[in-house]
Number of protein chains: 2
Amino acid sequence: MLLSTKGDYGVRAMIDLAKHEGEGPVQRAEIAKRRQIPESYLDHLLAQLRRAGFVRSVRGPGGGHLLAKPAEEICLLHLLEALEGSLAPLQCLDNHEPGSEAICGQEWVWQEIYDDMRRKLAAVSLAALAEHEREHERTAVVNYSI
Amino acid sequence: MLLSTKGDYGVRAMIDLAKHEGEGPVQRAEIAKRRQIPESYLDHLLAQLRRAGFVRSVRGPGGGHLLAKPAEEICLLHLLEALEGSLAPLQCLDNHEPGSEAICGQEWVWQEIYDDMRRKLAAVSLAALAEHEREHERTAVVNYSI
DNA sequence: ACAATGTCGACTGAATTAGTCGTGAATACC
DNA sequence: GGTATTCACGACTAATTCAGTCGACATTGT
């Protein structure tokens with residue numbers, strides 16, 4: 001598994017914030033409930049996202065969490081790297097020690113896969129993720145209502 | 001990290017066997033030394049590869065390990081799946097529980113990446129990996145000898 | 001018989017994941 | 001100023017996996 005629940009949960013939370021962009025702070029409890037994330041764990045993820053500069057938080061009544069920058073300017077690649085660390089599929093593609101590739105023998109296969117992946121993840125913005133979800137909800141409603 | 005050292009070591013060992021295809025059994029100690037794998041750990045990996053039908057082993061003096069089928073017929077995808085289990089980058093792409101994708105929100109991005117990856121890994125045979133290494137050694141020697 | 005080799009299972013230490021909990025800090029509202 | 005609400009942060013824990021080590025045993029060539 002390339003991503004742990006950390007990355008999954010973290011992105012879910014960010015999508016939630018993106019969908020409420022411009023509506024003021026969203027509370028942790030709301031996110032946790034809507035996205036099925038243990039609230040006390042979400043706490044840690046939000047802290048991580050805040051430290052990485054993706055989230056701004058407001059304390060006190062009516063407080064909550066907001067995107068620290070527009071959803072268009074946040075891409076999935078940076079988000080996941082903040083949550084998971086490197087997404088390198090293989091050790092020797094991450095720590096570029098000389099010689100580690102020479103003995104690994106499969107790094108030439110993975111390098112291309114890794115590069116493609118990063119390109120694709122960089123091309124997906126948080127705004128696109130939120131929009132995709134809205135689209136999906138709409139068609140789901142249509143399907144059910146027929 | 002998508003692959004642990006298990007997958008890395010396992011593939012290294014298989015490349016070693018492929019490079020000695022047709023030369024009789026290769027001993028564990030040799031593989032371990034050449035590929036820089038702890039011998040006692042390699043033991044487990046060979047057992048796993050044997051159970052998966054990729055390796056045949058011979059006991060007694062002069063014994064060792066061989067490919068159970070031609071290197072051309074073994075692809076990197078099947079090898080890695082035997083060693084690592086599913087290569088799915090994300091939980092919801094692995095266990096297809098209905099609804100897990102609905103709430104994940106990023107599975108549509110990963111599905112394409114995952115499919116591409118599997119296609120590429122399926123197209124690389126163990127023979128190609130061994131050949132690539134021979135090629136690389138040859139150019140390395142040329143470079144040094146200039 | 002004996003030495004070389006693989007087979008197998010028990011055990012271990014470290015790291016990571018996936019949380020829980022409690023205390024404290026900021027702030028809106030009365 | 002007091003209180004309720006909400007986030008902030010660190011300590012703690014349980015489960016899992018990884019990465020290995022070790023020892024007893026099985027097989028087989030000489």
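Chain letters run A, B, ... following the sequence lines, proteins first and then strands; every chain starts at 1.
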- Query: Just by modelled atom types, is the A:G7 backbone N or O under 3.5 Å from a matching donor or acceptor in the A:E84 side chain?
  - Reply: yes

- Is the side chain of A:E21 donor-acceptor paired with the backbone N or O of A:L67 at a distance under 3.5 Å, no angle test? no

May I ask you to say whether [X] pairs ionically with [Y], meaning some side-chain N is under 4.0 Å from a carboxylate O?
| X | Y | value |
| --- | --- | --- |
| B:D116 | B:R119 | yes |
| A:R12 | B:E107 | no |
| B:E137 | B:R134 | no |
| B:R118 | B:E81 | yes |

- Message: Around atom CZ of B:R56, are there more than 12 heavy atoms from other residues, nucleotides or ligands closer than 6.0 Å?
- Response: no

Round to the nearest Å and state the distance from [X] atom [atom1] to [N] atom [atom2].
| X | N | atom1 | atom2 | result |
| --- | --- | --- | --- | --- |
| A:E30 | D:dC7 | CD | C1' | 14 Å |
| B:E39 | C:dT5 | CD | P | 10 Å |
| B:Q48 | D:dG20 | CD | C1' | 14 Å |
| B:R50 | C:dT5 | CZ | C1' | 12 Å |
| A:Y41 | C:dC21 | OH | C1' | 16 Å |
| B:R51 | C:dG9 | CZ | P | 8 Å |
| A:H44 | D:dT13 | NE2 | P | 14 Å |
| A:R28 | C:dA25 | CZ | P | 17 Å |

- Check the angle between the aromatic planes of A:Y41 and A:H44 and answer parallel, tilted or perpendicular using the 30° and 60° thresholds. perpendicular

- Message: For DNA chain D, which residues of residues 2-26 of chain B approach it to below 4.0 angstrom with any heavy atom?
- Response: B:S4, B:T5, B:K6, B:Y9

What I'd like to find out is whether the side chain of [X] reaches to under 4.5 Å of the side chain of [Y], using heavy atoms alone.
| X | Y | value |
| --- | --- | --- |
| A:F54 | A:M14 | yes |
| B:H132 | B:E135 | no |
| B:Q91 | B:C104 | no |

- Message: Which is more 5' along DNA chain C, the nucleotide nearest A:V58 or the one nearest A:P38? Just name the residue.
- Response: A:P38

- Would you kindly compare B:P61 and A:E84 by the position of their nearest DNA chain C nucleotide and give the one closer to the 5′ end? B:P61

- Candidate nucleotides C:dT7, D:dG20, D:dC7, ranked by approach to the side chain of B:S57 - the nearest: C:dT7

- Note on the structure: Closest to the side chain of A:S40, out of D:dC7, C:dG19, C:dA28, is C:dG19

- Task: Begin with the C-alpha distance, continue with both residues' side-chain angles, and end with the deciding distance and a verdict on salt bridge (Lys or Arg N to Asp or Glu O under 4.0 Å) for B:E131 and B:K19.
- Result: CA-CA 8 Å; B:E131 185 51 37; B:K19 284 185 76 175; over 6 Å; no

Protein and nucleotides 11-14 of chain C: nitrogen or oxygen contacts under 3.5 angstrom:
none

Distances for protein N or O near nucleotides 22-24 of chain C N or O, under 3.5 Å:
none

